[in-house]
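Inspection log for the structure reproduced underneath, given as structure tokens.
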Amino acid sequence: MATFAPFARPLYVMAKPAGSLCNLACKYCYYLEKSQLYADIPQKERFNMDDRTLETFIRQYIESQTQPQVLFTWHGGEPLMRPISFYKRVLELQKRYARGRIIENCLQTNGTLLTDEWCEFFRANNWLIGISIDGPQDLHDEYRRARGGQPSFYKVMRGIRLLQKHGVEWNAMGVVNDYNADYPLDVYHFYKENGCQYIQFAPIIERILPHEDGRHLAHVADKEEAQLADFSVTPEQYAHFCCTIFNEWVRNDVGKVFVQLFDSTLARWVGEAPGVCAMAETCGHASVLETNGDLYSCDHFVFPEYKLGNIRHQTITEMMYSERQMKFGRAKRSGLPQQCLSCKWLFACNGGCPKDRFCKTTSGEPGLNYMCKAFQQFFNHVEPYMDFMKQELQNQRPPANVMEWARKQ
């Protein structure tokens, strides 16, 4: 089992300068209701990170890093609900506190608020932009709509065209839900046809359990029985979705299109760290910052039980390397049931994301990931291709050689 001493690995904080504020109201969004956690704070403070908090964050975050490169990630809600002047201030503060570090920025957006001015700013400052888009129009608009119910697809596509017009680097993040999961090739071909080379798929899995404060989403610390949200993808759907796209990718697109799940799987096959935390042996190195400076253990654990503190009273380094957070990270491994510990694919999935471990094993032991069957089916399916690519890498040959081999199988 891997163990990590403080400062043995870099930490990562995803900042949400507008909190849960968003111009859309996607049905499956797990973050909109987080505003209920701050219902006693005036709206201006709840949805706007002030200059004091911003400066404290940037200074502390740079100081906490152990590598020469520092990556800032701006998320939401919708981070473009803040004006360009906010991000110009970000650049000023990053320059002030960089002290020779290489500063990089990425921003995740729904794309509907992009303009020529935004894109010129991103291009001039080399920002990477992630676009949330779930596939072609009918698949995307199923759940990703404005507060009044209006579809968002055409506005997102307008944003993508503006990014392309200005030469801004971008990638796609697609939420895999109960609807678009049945159309894997439609989704994959859509991304390719629109020039996207970097794709991240995020399966949506949420349970409904109303709380007294108005929140409705359950988490692993909730002991009561909770109903699965109707938009959640099933393990069977997700396995079919991933395997179908993999078949297309492994025959035609290796080295040309980069799918995070496939790249991370290959990394695990050769014994390297994956690019997605859900497949890592431990977690706890990636946290999320709210507008008022509150720091939580993980983006999927923004619940009162997982608040580490506030950067106005403690440093990011103190909170992220605290015993409490280290224990949170180690629990990813220590909390695995015996069925996982004896599984052939433990090295690859490491039990998946802890937020989804609300099922029981065949022997009745708690802690099994809802997606266990999907993981098993996917890894069984890709095994021969991963073995081939691993051999190519070990012999200093390009893994893209797998395409010709795969086409002959």
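Here the structure is a predicted model, which means the values were calculated and not measured.
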Take R312 and R52 through the side chain to side chain contact (heavy atoms under 4.5 Å, CB included) test and state the conclusion after the steps. CA-CA 9 Å; R312 295 188 181 187; R52 176 189 171 191; 3.2 Å; yes
Main chain of I204, side chain of Y30: is a donor-acceptor contact present, judged purely on distance under 3.5 Å? no
Can you spot which of F388, F347, Y385 makes a ring-ring contact (aromatic ring centres under 6.0 Å, His included) with W269? F347
Taking the side chain as everything from C-beta on, heavy atoms only, tell me whether Y188 gets closer than 4.5 Å to V257. yes
Under the side-chain hydrogen bond (donor to acceptor under 3.5 Å, both in side chains) rule, what do D134 and Y28 come out as? Steps first, then yes or no, please. CA-CA 12 Å; D134 293 348; Y28 54 59; 2.5 Å; yes
Does any N or O in the side chain of Q164 come within less than 3.5 Å of the main-chain N or O of N194, such that one atom is a donor and the other an acceptor? yes
Indicate whether any N or O donor in one side chain lies under 3.5 Å from an N or O acceptor in the other, for E78 and N23. no
Using distance alone, with no hydrogens and no angle criterion, decide if D50 and T53 have a side-chain donor and acceptor under 3.5 Å apart. yes
For a side chain to side chain contact (heavy atoms under 4.5 Å, CB included) check, start with the C-alpha distance between F72 and E104, then their side-chain angles and the critical distance, and finish with the verdict. CA-CA 6 Å; F72 283 83; E104 298 175 337; over 6 Å; no
Compute the centroid of each ring, for W170 and then for F122, and state whether the two points are separated by less than 6.0 Å. no
If I compare all heavy atoms of G135 with all of H140, which pair ends up nearest, and what's the gap? O-CB, 3.6 Å
Would you compute the distance between atom NE2 of H75 and atom CE of M14 and round it to the nearest 0.5 angstrom? 4.5 Å
Is it true that the side chains of T317 and T315 contain a donor and an acceptor less than 3.5 Å apart? no
Measure from the side-chain N and O atoms of Q409 to the backbone N and O of W405, and report whether any donor-acceptor pair falls under 3.5 Å. yes
Does the T282 side chain pair with the main chain of R330, one donor and one acceptor, at a distance under 3.5 Å? no
Give a yes or no answer on whether the side chain of E33 reaches the backbone of H216 with a donor-acceptor pair at less than 3.5 Å. yes
Ignoring hydrogens, what is the shortest heavy-atom contact between Q60 and I316? Give both atom names and the distance. OE1-N, 2.8 Å
How are the rings of F246 and F378 set to each other: parallel, tilted or perpendicular (split at 30° and 60°)? perpendicular
Candidate pair T361 and Q338, rule side-chain hydrogen bond (donor to acceptor under 3.5 Å, both in side chains), full reasoning: CA-CA 9 Å; T361 67; Q338 187 57 45; over 6 Å; no
Step by step, work out the salt bridge (charged side-chain N to carboxylate O under 4.0 Å, His left out) result for D299 and K16. CA-CA 10 Å; D299 181 37; K16 299 190 171 179; 2.6 Å; yes
Could you tell me whether R123 atom CZ has more than 12 heavy atoms of other residues or ligands within 6.0 Å of it? no
Does M389 form a side chain to side chain contact (heavy atoms under 4.5 Å, CB included) with N401? I'd like the steps, not just the answer. CA-CA 8 Å; M389 287 189 283; N401 290 342; over 6 Å; no
Locate the shortest heavy-atom distance separating L295 from S287; write the atom from each residue and the value. CD1-OG, 3.5 Å
Does the pair N310 and D294 meet the rule for a side-chain hydrogen bond (donor to acceptor under 3.5 Å, both in side chains), with working shown? CA-CA 4 Å; N310 189 287; D294 283 348; 2.8 Å; yes
Before giving the answer on side-chain hydrogen bond (donor to acceptor under 3.5 Å, both in side chains), spell out for E45 and N292 the whole-Å C-alpha distance, their side-chain angles and the decisive distance to 0.1 Å. CA-CA 7 Å; E45 299 175 28; N292 70 337; over 6 Å; no
Donor-acceptor pair, side chain of N252 and main chain of E248, under 3.5 angstrom: yes
Do L113 and M81 have side chains that get closer than 4.5 Å, going by heavy atoms? yes
Determine the minimum heavy-atom distance between S232 and Q237, stating which atoms define it. O-OE1, 4.5 Å
Less than 6.0 angstrom separating the ring centers of W345 and F375, yes or no? no
Indicate yes or no: does R207 engage E225 in a salt bridge with an N to O separation below 4.0 Å. no
So M279 and N350, do their side chains get closer than 4.5 Å, heavy atoms only? no
Cut-off 3.5 Å, side chains only: do S297 and Q325 have a donor facing an acceptor? yes
Report the C-alpha distance between D40 and R46 in whole Å, list the side-chain angles of each, state the deciding distance to 0.1 Å, and finish with yes or no for salt bridge (charged side-chain N to carboxylate O under 4.0 Å, His left out). CA-CA 9 Å; D40 59 337; R46 196 189 320 172; over 6 Å; no
Please find out if less than 6.0 Å separates the ring center of Y97 from that of Y61. no
Are any non-hydrogen side-chain atoms of L37 and Y296 less than 4.5 angstrom apart? yes
Assess, by modelled atom type and distance only, whether the side chains of Q94 and N105 contain a donor and an acceptor separated by less than 3.5 Å. yes
Are I129 and T109 side-chain neighbours, meaning at least one heavy-atom pair lies under 4.5 Å? yes
Which atom pair, heavy atoms only, marks the closest approach of K332 to C349? NZ-O, 4.2 Å
Please determine, by modelled atom types, if Q339 and T362 share a side-chain donor-acceptor pair under 3.5 angstrom. yes
If we only count heavy atoms from C-beta on, is the P17 to F86 side-chain gap below 4.5 Å? yes
Main-chain N/O of Y154 paired with R158 side-chain donor or acceptor, under 3.5 Å: no
For residues N110 and R144, is any side-chain donor paired with an opposing acceptor at under 3.5 Å? no
Given side chain to side chain contact (heavy atoms under 4.5 Å, CB included), test Q260 with I199 step by step and report yes or no. CA-CA 6 Å; Q260 186 186 53; I199 305 168; over 6 Å; no
Hey, would you say the F241 and Y183 ring centroids sit under 6.0 Å apart? no
Between F358 and Y370, does a ring pair (Phe, Tyr, Trp, His ring centres under 6.0 Å) hold up when you go through it step by step? CA-CA 7 Å; F358 52 82; Y370 170 77; 5.5 Å; yes
Hey, can you tell me if F328 and Y306 have their rings parallel, tilted or perpendicular (30° and 60° cut-offs)? perpendicular
Please give me the minimum heavy-atom distance between A331 and R357, naming the atom from each residue. O-NH1, 4.0 Å
Backbone of D141 reached by a side-chain donor or acceptor of R145 within 3.5 Å: yes
Show the numbers, then the answer: is there a ring pair (Phe, Tyr, Trp, His ring centres under 6.0 Å) between Y12 and H285? CA-CA 6 Å; Y12 175 75; H285 69 287; 7.4 Å; no
Report yes if some heavy atom in the side chain of E305 is under 4.5 Å from a heavy atom in the side chain of H219; otherwise report no. yes
salt_bridge(K327, E323) N-O dist < 4.0 Å: no
With distance as the sole test, does N125 use its side chain to make a donor-acceptor pair with the main-chain N or O of W127 at under 3.5 Å? no
Can you find a heavy atom in the side chain of L93 that is under 4.5 Å from one in the side chain of R59? no
Within 6.0 angstrom of K192 NZ, more than 12 heavy atoms from elsewhere: yes
